[in-house]
Q: 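Sending over a structure as structure tokens; questions will come in a sec.
Residue numbers begin at 1 in each chain, while the letters A, B, ... track the order of the sequences.
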Amino acid sequence: MPLSNMRPNAAGWSDAVAAPPPGQPGPPLWLLAELTYRCPLHCAFCSNPVDYARHTAELDTAQWCDVFSQARALGAVQLGLSGGEPLLRKDLEQLVRHAHGLGFYTNLVTSGVGLTDARLAALRDAGLDHIQLSFQDSTRELNDFLSSTRTFDLKQRVARMIKAHGYPMVMNCVLHRHNLPHVGTIIEMALQMGAEYLELANTQYYGWAWENRLALLPTREQLLEAEAVVREYRARIGKRCQILFVVPDYFEARPKKCMNGWGTTFLGVAPDGTALPCHAARMLPGLALPNVTTQGLREIWRDSEAFRRFRGTAWMQDPCRSCDHREEDYGGCHCQAFLLTGDPAATDPVCERSADHGKVSEIVLQGRLAALQARGEVQPMVFRSDGNSLRLSAGRK
Amino acid sequence: MTADPTDLARPLLHRTFRLQWEEAQRSWVLLYPEGMVTLNDSAAAILQRCDGGHTLDMLIDDLQAAFGVQGIAPEVHAFVKHATERGWLV
């Protein structure tokens, strides 16, 4: 999701949002409700934690409604209803109705599996504002391979239904070595479907994508070519469809702000009620994540150790501590720092000032070699499944 | 390129966007899929009147009466042009 859209004054038009009192965070503008980890798809780059199968509990309807009410009272405006596949929740319509009544802008983030005409109408009636539909590729073969399902035709049908019901639609496609060369046809597909936004989300390497990094990493040339295609389309299509394309961190010299700044904008709630400063934060060691079933959201957001851990700049070590850019990137991504250095409080190795920056270049090089060896063939990947989740997380924590 | 709005245009907020007051931010915001724009008071006052019923002329008269000011037409035109280019208004 483009959290950058939640920065105050994205328009460049408006006055600044009133700054929060010193020492207090602003409101959690983005609430991501991961309603369930259950999912009919098995994507090799799934953003759910690798050990998701060890967390099967789910909040009930009343508990979710209470989370929404508390978050709205804190000033949350955007609600992402995500998963897993949120349509697997039979109470989705009830949850949307409650959230809409509170004044949330409600976004459904879905694979499309389970989205029928009747459900689209019921969700519309409940006040759903927008649907983000994922595709894995513009070809049936690759879409179905990457998700380990036969869903390409279904997604095409669902896209037509979504537009027939008058919803604004964001089409989302996660990019990597195998579909970057198809960016032009992916854009064509979005245009044909009438999507208002196309999110071309380059894979970031943590969670399942970390397990599959050597099979997914693109080459720099692929990225540059895809970027050129995106630029060309943007110039041609104007505002008919807004295309978001974010270069993956591994190919940058400067890190990106983690979640727009840890504990500043984003509040995620996992299916079991675990509150997350970043949707991948479950992997970080030594982070005692609070749970909405045992603590109020205000306390969690404002005072909990987990949300304060990387808020601001006080936690920093060198080179971040003395860096001129520390307020721009807040040290980058803690999950990347942990995966590459073992220390989530280290400078994100994506930064060229990090002593571990060489590790990123090394992985990019390994990815290039793997791509050469594969000669265009898709290599075996670890697909997201309960079995793989349990196997990969055996012995961890 | 968007042409300058004529005074007879009746701007309308695009249905993808929702204008609402946010107490926590003490400001009007424009919400759209997964995004938010914080508005200053004058931008909000203009957008509130973009209901497809008011022409630009009517809208300007209305704003001048409501705020007791004169000569704001150029600013309103500039904002409506900007908002149309951003896709907020149709």
Q: If every non-hydrogen atom of B/Gly35 is compared with every non-hydrogen atom of A/Gln78, which pair is closest and at what distance?
A: O-NE2, 2.6 Å

Q: Any sub-3.5 Å donor-acceptor pair from B/Arg15's side-chain atoms to A/Gly166's backbone N or O?
A: yes

Q: List for me each residue that meets salt bridge (charged side-chain N to carboxylate O under 4.0 Å, His left out) alongside A/Asp249, sequence neighbours excluded, and say none if there are none.
A: A/Lys256

Q: Which heavy atom in A/Leu74 sits nearest to a heavy atom in B/Ala24, and how many Å separate them?
A: O-CB, 4.2 Å

Q: At what distance, to the nearest 0.5 angstrom, does OG1 of B/Thr16 lie from NE2 of A/His130?
A: 9.0 Å

Q: Once you round to the nearest 0.5 Å, how far does CD of A/Glu196 lie from NE2 of B/His14?
A: 6.0 Å

Q: Is it true that atom CZ of A/Arg308 has more than 12 heavy atoms of other residues, nucleotides or ligands lying nearer than 6.0 Å?
A: no

Q: Applying side chain to side chain donor-acceptor pair (under 3.5 Å), name anything that partners B/Glu22, two or more places apart in sequence or on another chain.
A: A/Arg72, B/Gln20

Q: Give the minimum heavy-atom separation between B/Gln25 and A/Pro27, together with the two atoms involved.
A: CG-CG, 4.5 Å

Q: Rounded to the nearest 0.5 Å, what separation is found between the OH atom of A/Tyr197 and the CD atom of B/Glu34?
A: 9.5 Å

